[in-house]
Structure formats: structure tokens, C-alpha cells
Amino acid sequence: MVSLTDTPSLDGARAFLAEFPVVDGHNDLPWALREQVRYDLGARDIAQDQSAHLHTDLARLRAGGVGAQYWSVYVRSDLPGAVTATLEQIDCVRQLIERHPADLRAALTAADMEAARAEGRIASLMGAEGGHSIDNSLATLRGLYELGVRYMTLTHNDNIAWADSATDEPAAGGLSPFGHEVVREMNRLGMLVDLSHVAATTMRDALDTSVAPVIFSHSSARAVCDHPRNIPDDVLERLPANGGVAMVTFVPKFVLQAAVDWTAAADENMRAHGFHPLDSTAEAMKVHHAFEESRPRPVATVSTVADHLDHMREVAGVDHLGIGGDYDGTPFTPEGLGDVSGYPNLIAELLDRGWSRADLAKLTWQNSVRVLSAAEDVARDEQSRRGPSNATPEQLDG
């Protein structure tokens, strides 16, 4: 294991990332800005040090070797007016890009990503997190694409009418007929189908239907850490035939089994005191902190994440791996990966484990650019053969 103070290893990692920067599949900065300051971007100016409030600012993105970022335009699945809130999230990303043109460049295509890298700017893409953001409307899906959204996670933590989530009770049995139509329409548009958060049955159904590569924007390996948010080996084994990419996440409760077990106990403690496990009010956090004092939280490390990547490389192959840290979407991070400046620590660890520069270039940059380019190719072919779908759940699901 590489030491986080091993300067030669870190210098090598930083030099590598200057050539092949990280494409990160998922960062929840827009939601954090909504929750903390209601999109007052001056109050959380990412051109300034925001380490007291956020995992993300421009200096730390630069220090981390980030060359492209999918900004999540997530909204909670129980939030009334999810479509409106998603539009507000999209507007936040656009404002960020407009405020920081020297550092951020809007990217809609794989060619845009390469152009941003050549210019020394961070390609800024968007991903919608959860099919509730389209309110059962394929026209709304097309609208999000026109506004720049380049992937949609089919569910978040809760089921929707046409797709089962990993963390809810099975209902649709995977994808409903309308859910399959959503995947087909995403293929026609060139929008990546994101299978993080979805049930394994939904993963398999989407792979059966999609003619374009899929992604997992922020998921790890279930064989290494048995959490339903992670990817089973049989699904990882299907990625070479599909061409897709699984982007390892850093969230401790998804990568460290001891953290999974600890989180389950902490959540039960919150419920026993009358709070939702995700409640972050002062009263709820007092309960949570008291639990943590009596039962210290298990700590994931850079090595923990690297273990997932080693396993995923063995099962899916290095051509099908990426990185999706989930920064500003989790209160806890692994040691050495505390914020967006930490990616060199992971690359140094992988170099120490014998990963080649060619393999690392695929992990950090090339695979993610390739998968978006492939989705664009599929879309051109699909659009030459058929027009937009106007199907509804009522028509297809009854």
C-alpha cells in the first residue's frame, strides 16, 4: 500500500493526471449549493477555498487532476415538483460554468471533453439522478437532453412506477414495459443509461434492452462489499459485450463491509429516536453524534477503494472501469480521499499495485470518453431509423 505521504509516488500520480485527468461520474455540488445557500453562488464561491463547507472548489479540482466532471442535477425522489427542481439544478450548473469560464467548459459530446482537456479546462457535463425527474414523460426526457443532460440514473433510492431501486422493495420486477421504452428513447437521444442505484433486476433488464453502452456513475463491487447499491459480478461480466463502464464510488458505506453494518445500526438508532436516518437537523445530529461517540465509525481508506477496482478489473476488464466519487453527496469519505483533491492518492495506490500507465489512462479518461462517443454513434443510427417515442405508462403498463 502506498503511503499518503510518499512524495515520489504522489508526484508520479500527479504527473500522470496532468496527461490523463480524471473523468468523475458523479458530484453533487449543485444539490449542496441548493441546500446550503439556495444557489447563492457568491456565498459559496468555488473560486475560493470552500473546504469548511464543501468537498469541491476549483483549486481542489485542479489539485485532484480532474479533467471532466459529470455534475449531478439530482433532486430528492419525494420532493414535490421534481421536474422544476431538476431545471433549477441544471440552471445552477450553467451559472457555475458562466461564472468560471477560465476553469470550466460546458461539454455535450466526447469531442467537447477532448477540447476542454486540450484547453486546460474542466469539461462540465450533467447527469440527472433518478427517473422521477422526467415525471413519466418521454417529452420531458428529451427536454432534459436538449438542456445538456447526458445521463440519467434510472432510479434513486426509491422505486418509480417503471423501475425498481436497489434500496426499495421490488415492485416492477426490474423494468416495466414503459421502463424499457425509456431506455430505448435514451439510446435514440444519445443519453447514457446510468444503472447506479437500481436493483440488480433493473440492471439486467436495461442491459437486455440497451443497444448503447451503459454506465454506473457511482457504484462499486458487491462481491467486495455486500451492499445492494453495488454491482453483482454477473452484471460486471456483461459489461464487455455491452461496452459500458462501471465507475467506482468512494462512499464508505458502499465500499467497506464494516461501514455497511455500522450504518445499518446507526440508521436503526435514528429511527428508534423518531428521526429519519438521513435527517440532518441539529436535533437529529445530536442523536447521531452520540451514537458515533459510543460506537466509533469504521474508516475506509484509499486501499479499500483500490480493492474494489482490482476486483472489477478482474471481472469486467480494465476497458470497463471509471471513477465516480460522489463528492458533496456523502457526509463521510475514505481516509486519503477526503475531497476532490484526493484522486492522486488513489492513482498512487494503483501504481504501487502494478497498474500500468495504459490501464490507468483507460480508468481515468479514455473509457469514459469512449462510452459517450459510442452513445453518440448509436444515437445517429437510431435517429436514422425512427423518430421520437410518445409512449406513456398508461399505454404500455396498463
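- When atom types are taken as modelled, the side chain of Thr364 and the backbone of Phe20 share a donor-acceptor pair closer than 3.5 angstrom.
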Q | Candidate pair Thr155 and Asp164, rule side-chain contact (heavy atoms from CB on, under 4.5 Å), full reasoning | A | CA-CA 7 Å; Thr155 74; Asp164 283 348; over 6 Å; no
Q: For Asp234 and Arg238, run salt bridge (Lys or Arg N to Asp or Glu O under 4.0 Å): C-alpha distance rounded to whole Å, both residues' side-chain angles, the deciding distance at 0.1 Å, then the answer.
A: CA-CA 7 Å; Asp234 73 285; Arg238 294 184 62 176; over 6 Å; no
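- A donor atom on one side chain and an acceptor atom on the other are not found under 3.5 Å apart for Asp135 and Thr140.
- A salt bridge links Arg353 with Asp307: at least one charged nitrogen is closer than 4.0 Å to a carboxylate oxygen.
- Ion pairing between a basic and an acidic side chain is recognised when a charged N comes within 4.0 Å of a carboxylate O; Arg62 and Asp103 show such pairing.
- Under the 4.5 Å side-chain criterion, counting only non-hydrogen atoms from C-beta, Phe291 is not in contact with Met270.
- Put simply, the side chain of Met113 reaches to within 4.5 Å of the side chain of Leu125, judged on heavy atoms.
- By the 4.0 Å N-to-carboxylate-O rule, Glu292 lies too far from Arg295 to be salt-bridged with it.
- Using a 4.0 Å cut-off between charged nitrogen and carboxylate oxygen, Glu88 and Arg38 count as a salt-bridge pair.
- Using the six-membered ring where Trp is involved, His197 and His218 have ring planes that are perpendicular, over 60° apart on the 30 and 60° scheme.
- Side-chain atoms of Trp162 and Asn136 form a donor-acceptor pair, as typed in the model, at a separation below 3.5 Å.
- Looking at Thr153, its side chain does come within 3.5 Å of a backbone N or O of Ala128 through a donor-acceptor pair.
- No side-chain N or O of Asp158 forms a donor-acceptor pair with one of His156 less than 3.5 Å apart.
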Q: Please assess Phe216 against Arg229 for the test side-chain contact (heavy atoms from CB on, under 4.5 Å), listing each intermediate value before the final yes or no.
A: CA-CA 10 Å; Phe216 292 82; Arg229 269 280 280 106; over 6 Å; no
Q | salt bridge (Lys or Arg N to Asp or Glu O under 4.0 Å) evaluation trace for Arg271 with Glu268 | A | CA-CA 5 Å; Arg271 293 187 191 97; Glu268 184 57 36; 3.6 Å; yes
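- With hydrogens and angles left out, the side-chain atoms of Tyr151 and Glu129 include no donor and acceptor closer than 3.5 Å.
- At least one side-chain heavy atom of Val182 sits less than 4.5 Å from a side-chain heavy atom of Leu138.
- Under the 3.5 Å distance criterion, with hydrogens and angles disregarded, a donor-acceptor pair is assigned to the side chains of Ser210 and Asn187.
- Put simply, CG on Leu33 and CZ on Arg44 are 8.5 Å apart, with the number rounded to the nearest 0.5 Å.
- Put simply, Phe16 and Val340 are part of the same group of oily side chains (I, L, V, M, F, W, Y) that touch within less than 4.5 Å, one to the next.
- Under 3.5 Å, the side chains of His311 and Asp233 contain a donor-acceptor pair of N or O atoms.
- Using cut-offs of 30° and 60° on the angle between ring planes, the pair Trp262 and His288 is perpendicular.
- Summarising the geometry of Tyr145 relative to Arg150, their closest heavy-atom pair is O-NH1, 2.8 Å, with the distance given to 0.1 Å.
- A donor-acceptor pair is defined here as one N or O able to donate and one able to accept, closer than 3.5 Å; such a pair exists between the side chain of Asn159 and the backbone of Glu169.
- A donor-acceptor pair is defined here as one N or O able to donate and one able to accept, closer than 3.5 Å; such a pair exists between the side chain of Arg370 and the backbone of Asp319.
- Atom-to-atom distance recorded for Asn345:CG and Ser303:OG is 12.5 Å, nearest 0.5 angstrom.
- With hydrogens and angles disregarded, a donor-acceptor distance shorter than 3.5 Å links the side chain of Gln383 to the backbone of Arg188.
- Between Trp31 and Arg76 the shortest side-chain heavy-atom distance falls below 4.5 Å.
- Counting heavy atoms from C-beta outward, Glu35 and Ser280 have side chains that stay 4.5 Å or more apart.
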Q.
For a side-chain hydrogen bond (donor to acceptor under 3.5 Å, both in side chains) check, start with the C-alpha distance between Ser72 and Asp28, then their side-chain angles and the critical distance, and finish with the verdict.
A. CA-CA 5 Å; Ser72 176; Asp28 277 302; 3.2 Å; yes
Q: Go through the steps to decide whether His26 and Thr249 satisfy the test side-chain contact (heavy atoms from CB on, under 4.5 Å), and finish with yes or no.
A: CA-CA 9 Å; His26 196 87; Thr249 194; over 6 Å; no
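- Both Met152 and Ile160 belong to a single network of hydrophobic side chains, linked directly or stepwise wherever heavy atoms of I, L, V, M, F, W or Y lie under 4.5 Å apart.
- Rounding to the nearest 0.5 Å places CD of Gln69 at 8.5 Å from CG of Leu29.
- Formation of a donor-acceptor pair under 3.5 Å by the Asn367 side chain with backbone atoms of Val318 is found in this model.
- For the pair Val305 and Pro334, the minimum side-chain heavy-atom distance is below 4.5 Å.
- The distance from atom CG of Asp91 to atom CG of Leu96, rounded to the nearest 0.5 Å, is 9.5 Å.
- Not a single donor-acceptor pair under 3.5 Å links the side chain of His273 to the backbone N or O of Phe275.
- Rounding to the nearest 0.5 angstrom, the gap separating the NE2 atom in His55 from the CD atom in Gln50 is 13.0 Å.
- Defined by atom type and a distance below 3.5 Å, a donor-acceptor pair is present between the side-chain atoms of Ser389 and Glu181.
- Using a cutoff of 4.0 Å between basic side-chain nitrogens and carboxylate oxygens, Arg204 and Asp208 are not scored as salt-bridged.
- When all heavy atoms of Ser219 and Asn230 are compared, the pair lying nearest together is C-OD1, 4.3 Å.
- When side chains are defined from C-beta on, Asn242 counts as touching Pro213, because their heavy atoms get closer than 4.5 Å.
- A donor-acceptor pair is defined here as one N or O able to donate and one able to accept, closer than 3.5 Å; no such pair exists between the side chain of Gln257 and the backbone of Val224.
- A donor-acceptor contact closer than 3.5 angstrom is absent between the side chains of Ser77 and His132.
- With 3.5 Å as the limit, one finds a donor-acceptor pair spanning the side chains of Trp71 and Ser124.
- Defined by atom type and a distance below 3.5 Å, a donor-acceptor pair is missing between the side-chain atoms of Ser51 and Asp339.
- Between Ile323 and Phe250, some side-chain heavy-atom pair lies under the 4.5 Å cut-off.
- Looking at Arg121, its side chain does come within 3.5 Å of a backbone N or O of Pro101 through a donor-acceptor pair.
- Placement of Val149 and Val93 within a single hydrophobic cluster is found when ILVMFWY residues are connected by side-chain heavy-atom separations under 4.5 Å, directly or transitively.
- In summary, of the residues considered (Leu351, Leu363, Val302), a side chain to side chain contact (heavy atoms under 4.5 Å, CB included) with Leu346 occurs for Val302 alone.
- Not one N or O on the side chain of His308 forms a donor-acceptor pair closer than 3.5 Å with the backbone of Val248.
- A salt bridge is absent between Arg142 and Glu146: the closest approach of a Lys/Arg side-chain nitrogen to an acidic carboxylate oxygen does not fall below 4.0 angstrom.
- Between Tyr327 and Tyr343, the ring planes are perpendicular. Angles over 60° get that label, and only those under 30° would be called parallel.
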Q: Take Phe332 and Thr263 through the test side-chain contact (heavy atoms from CB on, under 4.5 Å) and record every step on the way to the result.
A: CA-CA 11 Å; Phe332 305 105; Thr263 301; over 6 Å; no
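- Hydrophobic clustering (side-chain heavy atoms under 4.5 Å, transitive across Ile, Leu, Val, Met, Phe, Trp, Tyr) groups Ile97 together with Ile122.
- Note: the hydrophobic cluster containing Ile215 does not contain Leu108 (ILVMFWY, side chain heavy atoms under 4.5 Å, direct or indirect links).
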